[in-house]
Amino acid sequence: METQTFIAQPGGSQVITSRHLPATPEKVFQAFTDPALIAQWWGPRQYETIIDEYEPRRGGCWRFIHKGEDGNEYGFRGVIHELLLNERITQTFEFEGMPGHVVLEQLKLAPEGDGTRVTTVSAFSSAEDRDGMVNSGMEGGLTESYDRLEELVQTI
């Protein structure tokens, strides 16, 4: 069983990621929707994640801030379009440092073996937007977040 995949086809505008986590879909869903838990795993370890706003419901908004040791802050925001208990979350993602480059993300949870398969499809508005995000280190940041998430879901 593969642990993690990261697919960004040349010329396409999507990124598809998949990761197996050693916890039930209920625990993984909880980690994605409980602000206190999100703050413990979302983003690279070098940043503190501050949950400025999180409304886990259809039409709800979210805004997270990464704060570095140097005091610099980086904001991210979006709107939740769908929240299906223990199965799926569809939302937008926007880095406030590049306003207007909005990504539509769909996260799916499925039981797999002794855990959960988490699959995310991120649809960018263009291949250029997608390539910019990929070239900024998206895969490394995502892997580090998922590593932290994997550690967390084993404790809840």
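Proximity of a side-chain donor or acceptor of S13 to a complementary backbone N or O of S126 within less than 3.5 Å is not detected. Remark: side-chain polar atoms of E94 are paired, donor with acceptor, to backbone N or O of G100 under 3.5 angstrom. For E55 (side chain) and C61 (main-chain N/O), a donor-acceptor pair under 3.5 Å exists by modelled atom type. Put simply, the side chain of W62 gets close to the backbone of T92: a donor and an acceptor are under 3.5 Å apart. Side-chain atoms of R117 do not come within 3.5 Å of backbone N or O of L109 as any donor-acceptor pair.
Between R63 and E53 there is no salt bridge, since no side-chain N of the basic residue sits under 4.0 Å from a carboxylate O of the acidic one.
Residues F6 and T143 are not in side-chain contact: their nearest non-hydrogen atoms beyond the backbone lie 4.5 Å or more apart. Residues T119 and R88 are not in side-chain contact: their nearest non-hydrogen atoms beyond the backbone lie 4.5 Å or more apart. At least one side-chain heavy atom of Q154 sits under 4.5 Å from a side-chain heavy atom of P22.
With W41 as the partner, the side chain to side chain contact (heavy atoms under 4.5 Å, CB included) test is satisfied by one option alone out of T49, L149, D147: L149. Test R58, E105, Q106, H81 against T90 for side chain to side chain donor-acceptor pair (under 3.5 Å) and you get one pass: Q106.
Between Y54 and F64, the ring planes lie tilted relative to each other; the angle falls in the 30° to 60° range. The aromatic rings of W42 and F76 sit perpendicular to each other, their planes meeting at more than 60°, with 30° as the lower class boundary.
Distance check, rounded to the nearest 0.5 Å: CZ of R77 to CD of Q91 gives 13.5 Å.
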